[in-house]
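Quick notes on the structure that follows.
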Amino acid sequence: MEILLTNTMSRRKEVFKPLREGEVGLYTCGLTVYNFAHIGNLRAYVFADTLKRMFLFNGYKVRHVMNITDVGHLTGDEDEGEDKMEAGARREGKTVWEIVDFYTKAFFDDLKRLRIILPTVTCRATRHVDDMIEMIRKIESNGYTYVAGGNVYFDTSKLPDYGKLARLKLDEDKMRSRVESDPYKRNPFDFVLWFTRYKYDSHAMQWDSPWGRGFPGWHIECSAMSSKYLGERFDIHTGGIDHIPIHHTNEIAQSEAAFGHEWVNYWLHSEFLVIGEGEKMSKSLGNFITLQTLIDKGYDPAEYRYYLLGAHYKKQLAFTLEALDGAKSAMKKLATKIGELKESEAPVSEPNSLLLNEFHEAINDDLNTPRALAVLWKVVDSEDLRPGEKLSLIDEFDRVLALGLSEIETEVIPKEVSELANQRDQARRDKDWKKADELRELISEKGYEVLDERDGYKIRKK
RNA sequence: GGCGACGUAGCCAAGGGGUCAAAGGCGGAGGUCUGCAAAAUCUCUACUCAAGGGUUCAAAUCCCUUCGUCGCCUCCA
């Protein structure tokens, strides 16, 4: 079955064609680890994970590389601007390296809690400085750089199609009026490949290079590491939509200048999660919610994942607790129904091909997860399918959705609870309603609820 | 100032020239069931897709205008 993906380069859905039959090389722009990931960040990784799972579902072998940015990004505030790592370190009284380790671990914990399959290769920028230097040398020897005021700059004027991803219009300088221009730049779009001149004396992260002691520019890590692990040309590069005009534009410029040919075949970008009055959730704005915040409020990470899958990745999603509550209710209902299915029958070996196909088409159509969820509900509520048939379909769907549907088990009720329930059942037979209600209350205190049925009852964890 | 996206039921959200009297979820209403409660189940919940024009045999879907919301142009998912 065809796979359609919206390529930012063409702004269209394109039929996916891999460089190598049956294989996908996938690069995901990872996190800058100077603070916790917020749920907006996490959306990008759930998206990348869904993408990867879709390929696995289609039988592809996926080589997935993700970077961890642990160096070199400056805060935006000009007056107090400092390296984000350094700022984090000062804030918490730790070294930059401790900050990096701590938040990298926290990030991976979040990924795991969301059932995100970890990348084949995770690479840290600071461990690949040599690769970056090597790449800058290549760019330099190809004639795309100049040195000014101590820094090595990329000369965007040498690249005729600079800005093609973002469709930047380069003729008007005033377009960049908001940006404090660096007097050493020849062109406002030029960017630094290697810094030896920096504003902050105490910069802890420094390396020797052919251009002097310093640290790499903001974009080179992704170019250097992706080519190291995926080759100088690969299939897919993902990231947040904010990366299009600067980060990815510059990655493309560097890479194509270094390699002398096109670099990435498909660019996929996920839209933002916005908060409140449609305000962007951002670490620098300080209005962020972490996964842990949600867990503390009583939500399960799977519920957040369900919530995300309910919207297409290319659409802005306005986060509200009300909407998340909707996802929570839906997940609870799914868990109940699936638990009941498992009580009655085991999955059958061959899932219904018609419905499987419907699901398959939805996810292959540019990851239409909302439609995929609709198919899931269609299956769950179907009157024509046997429980085992439903379960086998659900197991298949969950390979992509990763909501933990396959792991739902029939509940084991503690003996004391089931004994109380038995007593209550007897009281009901005796029409001793008072005693029955008291017992229900007692069971409820132990965290279970009794649901009376036609001939019997059911106990369920609350 | 420049670039881009979006505006579909109470809420979240698919669809993106005819198969749409517009998926799905949440919520709500009513029925069945029932000692009570809950659960389950059934039915209902947009004659309409921000507004106004236009193109077309045909528009929620294309074009234009207006209004509104948001994002990017600075590190950012």
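- Within the 4.0 angstrom heavy-atom criterion, only backbone atoms of the sugar-phosphate kind lie near L317(A); the bases stay farther away.
- Nucleotides C36(B) and G28(B) have their C1' atoms positioned 23 Å apart, rounded to a whole Å.
- Within 4.0 Å (heavy atoms only), N368(A) reaches sugar-phosphate atoms of the nucleic acid but no base atom.
- As the counterpart of C44(B), G28(B) is assigned, both hydrogen-bonding distances of the Watson-Crick or G-U wobble pattern falling under 3.5 Å.
- For a distance-only test at 3.5 Å, the side chain of D242(A) fails to qualify as a donor-acceptor partner of the base of G71(B).
- The separation of G10(B) from U45(B), taken at their P atoms, amounts to 13 Å, rounded to a whole angstrom.
- The number of heavy atoms from other shown groups lying within 6.0 Å of NZ (K94(A)) is above 12.
- To the nearest angstrom, P of G71(B) lies 21 Å from OH of Y313(A).
- Relative orientation of the H360(A) and F57(A) rings is perpendicular, given thresholds of 30° and 60° on the angle between their planes.
- Across all strands, H269(A) comes closer than 4.0 Å to no nucleic acid atom at all (heavy-atom distances).
- With rounding to whole Å, D425(A) atom CG is found 14 Å from G35(B) atom C1'.
- Of the candidates C70(B), A37(B), A14(B), C70(B) carries the atom nearest the V274(A) side chain, counting heavy atoms from C-beta on.
- Looking at the side chain of Q316(A), the nearest of the listed nucleotides C70(B), A40(B), G35(B) is C70(B).
- A salt bridge links K105(A) with D109(A): the closest approach of a Lys/Arg side-chain nitrogen to an acidic carboxylate oxygen falls below 4.0 angstrom.
- Contact annotation for R12(A): no contact, since no heavy-atom pair falls under 4.0 Å across all strands.
- Taking a pair to require two hydrogen-bonding distances under 3.5 Å in either a Watson-Crick or a G-U wobble arrangement, G16(B) remains unpaired.
- Between the CD atom of E322(A) and the P atom of G28(B) there is a distance of 11 Å, rounded to whole Å.
- Taking 4.5 Å as the limit, some side-chain heavy atom of K390(A) sits within range of a side-chain heavy atom of S382(A).
- Side-chain contact check for Q426(A) and N422(A): no donor-acceptor pair (N or O, by modelled atom type) lies under 3.5 Å.
- Set against G27(B), G35(B), A77(B), the side chain of R43(A) has A77(B) as its closest nucleotide.
- Comparing G71(B) with A14(B), their C1' atoms are spaced 22 Å from each other, to the whole Å.
- With hydrogens and angles disregarded, no donor-acceptor distance shorter than 3.5 Å links the side chain of R124(A) to the backbone of I68(A).
- The partner of G1(B) is C73(B), judged by Watson-Crick or G-U wobble contacts that both fall below 3.5 Å.
- For K333(A), taking side-chain heavy atoms from C-beta onward, the closest of the listed nucleotides C72(B), C76(B), A40(B) is A40(B).
- Atom NZ of K328(A) is separated from atom C1' of G27(B) by 16 Å (rounded to the nearest Å).
- N41(A) has no side-chain polar atom (N or O) that falls below the 4.0 Å cut-off from OP1 or OP2 of C76(B).
- In terms of polar N and O atoms assigned as donor or acceptor, the side chain of D325(A) never comes within less than 3.5 Å of the base of C11(B) in a complementary pairing.
- The residue D432(A) sits apart from the nucleic acid: no heavy atom pair falls under 4.0 Å.
- Pair assignment for U34(B) gives none, since no Watson-Crick or G-U wobble pairing has each distance under 3.5 Å.
- Under the Watson-Crick or G-U wobble criterion, with both distances below 3.5 Å, A9(B) has no partner in any strand shown.
- Nearest nucleotide to the side chain of A311(A), out of A14(B), A77(B), G25(B): A14(B).
- Nucleic acid contact for E383(A): sugar-phosphate only, since backbone atoms but no base atoms lie under 4.0 Å from a heavy atom of the residue.
- The residue among G326(A) and L42(A) whose nearest nucleotide of RNA chain B lies closer to the 5′ end is G326(A).
- Within a 6.0 Å sphere centred on CZ of R12(A), other residues, nucleotides and ligands contribute 12 heavy atoms or fewer.
- When the P atom is compared between C47(B) and U8(B), the two are found 14 Å apart, to the nearest whole Å.
- Across the C1' atoms, U48(B) and A60(B) are found 8 Å apart, a figure rounded to whole Å.
- In terms of modelled atom types and a separation under 3.5 Å, the side chain of D190(A) and the main chain of D155(A) share no donor-acceptor contact.
- Taking atom P in both G24(B) and G68(B), the straight-line distance is 35 Å, to the nearest Å.
- Comparing R11(A) and R428(A), the nucleotide of RNA chain B nearest to each residue sits closer to the 5' end for R11(A).
- For the C1' atoms, the distance from A38(B) to C12(B) is 26 Å, rounded to whole Å.
- The base of G35(B) sits within donor-acceptor range of the side chain of R424(A), with an N or O pair under 3.5 Å.
- What you find for A311(A) and R43(A) is that their closest heavy atoms are CB-NH2, 4.4 Å.
- Within the structure, every side-chain polar atom (N or O) of K315(A) is placed at least 4.0 Å from both OP1 and OP2 of C70(B).
- Taking only side-chain nitrogens and oxygens, T336(A) never comes nearer than 4.0 Å to OP1 or OP2 of A39(B).
- Note on V375(A): nothing from the nucleic acid sits closer than 4.0 angstrom, heavy atoms only.
- Closest to the side chain of D381(A), from the set C72(B), G25(B), C11(B), is G25(B).
- Look at the C1' atom in both G27(B) and U69(B): the space between them is 24 Å, to the nearest Å.
- Side chains of Y229(A) and H128(A) form a contact here, defined as non-hydrogen atoms less than 4.5 Å apart.
- Atom CD in E438(A) sits about 18 Å away from atom P in A37(B), given to the nearest Å.
- When heavy atoms are screened at a 4.0 angstrom cut-off, Y306(A) is found touching the sugar-phosphate backbone but no base atom.
- In this structure, of G25(B), A23(B), C12(B), it is A23(B) that holds the atom nearest to the side chain of P370(A).
- Of the candidate nucleotides A23(B), C36(B), A77(B), A23(B) has the atom lying nearest to any side-chain atom of A374(A).
- In terms of phosphate contacts, K337(A) brings a side-chain nitrogen or oxygen within less than 4.0 Å of OP1 or OP2 of U41(B).
- Taking side-chain N and O atoms only, K434(A) has no distance below 4.0 Å to OP1 or OP2 of C36(B).
- Rounded to an integer number of Å, the gap from NZ of K314(A) to P of A13(B) is 16 Å.
- Between W377(A) and G24(B), no base-stacking contact is recorded for ring centres under 5.5 Å apart and planes less than 30° from parallel.
- Distances shorter than 4.0 Å separate some side-chain N or O of T32(A) from OP1 or OP2 on A77(B).
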